[in-house]
Enquirer: 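Next up is a structure, given as structure tokens.
It should be emphasised that the depicted structure is a prediction, and the values quoted were computed from it without experimental measurement. Letters A, B, ... mirror the listed sequences (proteins, then strands); counts begin at 1.
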2 protein chains.
Amino acid sequence: MTLPTKRIAESTVRRLSMYLRYLEGLDAIGQRTASSDELAQLCGTTPAQVRKDLSFFGSFGKRGLGYPVHELTEHLQEILGLRQAWQVVIVGAGKIGSALAEYRGFKQRGFQVVGVYDKNPDKIGRPWGDAVVRDMSTLPDDVTEHHVDIAVLAIPADDAQDVVDQMVAAGIRAILSFAPTSLHVPAHVAVKTVNMAMELEGLSYALTNRGA
Amino acid sequence: MTLPTKRIAESTVRRLSMYLRYLEGLDAIGQRTASSDELAQLCGTTPAQVRKDLSFFGSFGKRGLGYPVHELTEHLQEILGLRQAWQVVIVGAGKIGSALAEYRGFKQRGFQVVGVYDKNPDKIGRPWGDAVVRDMSTLPDDVTEHHVDIAVLAIPADDAQDVVDQMVAAGIRAILSFAPTSLHVPAHVAVKTVNMAMELEGLSYALTNRGA
DNA sequence: ATAAGTTTGTGAAGTATTTCACAAGCTTCC
DNA sequence: GGAAGCTTGTGAAATACTTCACAAACTTAT
């Protein structure tokens, strides 16, 4: 695996993640190799795209044969930074936070949930999965002390920027936000936002303009 | 408002949705006009991008002044197809489905949840928000009879394609999926997928390669 | 050992999207 | 009413991303 010489597009990284998912599946059922064509069909993309995406990071396949499933799986885990544990906190112990807690993908992929936070006194101290809901006011100190890497934000839009500022000051390095608002952070902090309303409205647009 | 002559990029539609959100906020506090620069700062994009996005649909602003907030709000609602009600079903009455039910954005923006479905007998018949969980086997008929427009899919990846096929056959027109798998549908059906794992892995990649 | 058949890796071409830059149009001030 | 000051709308330029197309490299069959 070589290091990419130029910046990799976000769309490429998303597809790598998808390739990995399917490769893990193929690996589990004992399939040894997979062609770019097979991966493309599974992921709903094109063979050329698969090859181009992978080629940014090295040359993992064998001509005439395809890609070695197990080996490529490991390469992709390495590339995506999944062969190490990331420390994650969940901020907001509401329904969304709760749904996230249930999500097995976290542990499965090396994301360790080390804390859950809320500002509601009724929720603080309550057991929550393996953990206990902690007071949001302790969040910044905890982030700093426990070297938390990623914060998952599941709080109302109005509170989001304020909490983000505190966490950034405390040294957070990445944020996955479910708050329907745009977040402003310094360049060294990575942010992804999942916005339900935006997705639904995208569908509404598609339905409205489907003929055109 | 003119109809766009060429296909509008998905990224543009996502931004329109974001502009709308902030415009509604500005409208609520009585602000009369907003410049592309102001909208850009709120949304984390550039003034040129804002103007270009809007220009695909018409010429809503006044030079020297900016865009009329209330009027543009209505135009965007129209463009995005939000001035009509869409019939939505939620498929999967687990934690994610439950979090979605709580989501006020649905009703607020004209998405009427007309049914919740699950295949688990323990859940069928239970009250769930305003509704009652229905048997998944009745889903296809309901979709056809009630002209359901959008299905929100909150079920395991392994079950997803099968359910999608049934709904497509029953006449569904759009799907918002939270199942971490790629879905195959005919061209006339719009699909959006929200994939937690993909977002987290995107952050993991960013953290791993932040220096590069 | 050779031929036939696959499939990768990748420059080059093609498309799509964003950014630039500025004329045109509107408001406000004097 | 004219000048100064903003801000839009938009072609053109720049950048980014995807697709093409084919030589190179490998496997398998004979």
Enquirer: Just how far is it from atom CG of A:Leu23 to atom CD of A:Gln77, taken to the nearest 0.5 Å?
Expert: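 It comes to 9.5 Å.
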Enquirer: What is the distance from CZ of B:Phe56 to C1' of D:dT8, rounded to the nearest Å?
Expert: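 Whole-Å distance recorded here is 15 Å.
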Enquirer: Below 4.0 angstrom, which residues in residues 30-45 of chain B have at least one non-hydrogen atom near DNA chain D?
Expert: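 Hits under 4.0 Å, by residue number: B:Ser35, B:Ser36.
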Enquirer: Please write out the pairs of protein N or O atoms and N or O atoms of nucleotides 14-17 of chain D separated by less than 3.5 Å, giving the distance to one decimal.
Expert:
none

Enquirer: Do you know the tightest heavy-atom contact between B:Met167 and B:Val143?
Expert: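 Shortest heavy-atom separation between B:Met167 and B:Val143 comes out as O-CG1, 4.4 Å.
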Enquirer: On the nucleotide D:dC6, are OP1 or OP2 found under 4.0 Å from the side-chain N or O atoms that B:Tyr67 carries?
Expert: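 False: B:Tyr67 side-chain N/O out of range (4.0 Å or more) of D:dC6 OP1/OP2.
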Enquirer: Hydrogens and angles aside, do A:Glu24 and A:Gln108 bring a side-chain donor and acceptor to less than 3.5 Å of each other?
Expert: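 Not at all, the side chains of A:Glu24 and A:Gln108 share no donor-acceptor pair under 3.5 Å.
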Enquirer: Tell me yes or no: between the side chains of A:Asp53 and A:Thr12, is some donor less than 3.5 Å from an acceptor?
Expert: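 A:Thr12 and A:Asp53 do have a side-chain donor-acceptor pair below 3.5 Å.
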Enquirer: Strictly by modelled atom types, are A:Thr181 and B:Tyr22 linked by a side-chain donor-acceptor pair under 3.5 Å?
Expert: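 Their side chains do contain a donor-acceptor pair, which is all the 3.5 Å distance test asks for.
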Enquirer: To the nearest Å, how far apart are A:Leu72 CG and C:dT7 P?
Expert: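 Atom CG in A:Leu72 sits about 16 Å away from atom P in C:dT7.
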Enquirer: Starting from C1' on D:dT8, measure out to CZ on B:Phe57 and report it in whole angstrom.
Expert: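 From B:Phe57 CZ to D:dT8 C1': 17 Å.
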Enquirer: Side-chain contact, heavy-atom cut-off 4.5 Å: A:Trp128 with A:Asp118?
Expert: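 No, their side chains stay 4.5 Å or more apart.
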Enquirer: Decide, yes or no, whether a salt bridge links B:Glu10 with B:Lys192 under the criterion of side-chain N to carboxylate O below 4.0 Å.
Expert: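 Yes.
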Enquirer: Determine all donor-acceptor pairs shorter than 3.5 Å in which one atom belongs to a side chain in residues 84-99 of chain B; sequence neighbours excluded.
Expert:
residue	atom	partner	partner atom	Å
B:Trp86	NE1	A:Ser204	OG	2.9
B:Trp86	NE1	B:Gly81	O	2.9

Enquirer: Rounded to the nearest 0.5 Å, how far apart are CG of A:Asp162 and CE of A:Met136?
Expert: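 So the CG of A:Asp162 and the CE of A:Met136 are separated by 8.5 Å.
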Enquirer: Starting at NZ of B:Lys6 and ending at P of C:dA16, how long is that distance when rounded to a whole Å?
Expert: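 Between P of C:dA16 and NZ of B:Lys6: 8 Å.
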Enquirer: Take the protein atom CG of B:Asp53 and the nucleotide atom P of D:dG9, then report the distance between them rounded to whole Å.
Expert: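 Nearest whole value for this atom pair: 12 Å.
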Enquirer: Where along nucleotides 21-30 of chain D does protein come under 4.0 Å, by heavy atom, of base (B) or sugar-phosphate alone (S), with - for untouched nucleotides?
Expert: B-BBBBS---
Enquirer: Rounded to the nearest 0.5 Å, how far apart are OG1 of B:Thr208 and CD1 of A:Ile79?
Expert: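 Output value for this atom pair is 10.5 Å.
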Enquirer: First locate atom CG of B:Asp37, then atom OG1 of B:Thr46, and finally report the distance between them rounded to the nearest 0.5 Å.
Expert: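 Between atom CG of B:Asp37 and atom OG1 of B:Thr46 there are 9.5 Å.
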Enquirer: List the residues meeting side chain to side chain donor-acceptor pair (under 3.5 Å) with B:Arg14, not counting sequence neighbours, and say none if there are none.
Expert: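 Partners of B:Arg14 by the side chain to side chain donor-acceptor pair (under 3.5 Å) criterion, ordered by chain and then number, come out as A:Glu199.
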Enquirer: With each end axis built from five pairs of C1' atoms, what bend angle do you get for the helix from C:dA1-D:dT30 to C:dC30-D:dG1? Round to 10°.
Expert: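 Roughly 10°, once rounded to the nearest ten degrees.
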Enquirer: Can you measure A:Lys52 atom NZ to D:dT18 atom P for me and round it to whole angstrom units?
Expert: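 One finds 11 Å between P of D:dT18 and NZ of A:Lys52, rounded.
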Enquirer: Quick one: do the A:Asp27 and A:Gln31 side chains pair a donor with an acceptor below 3.5 Å?
Expert: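 No, because no side-chain N or O of A:Asp27 sits under 3.5 Å from a partner of the opposite role on A:Gln31.
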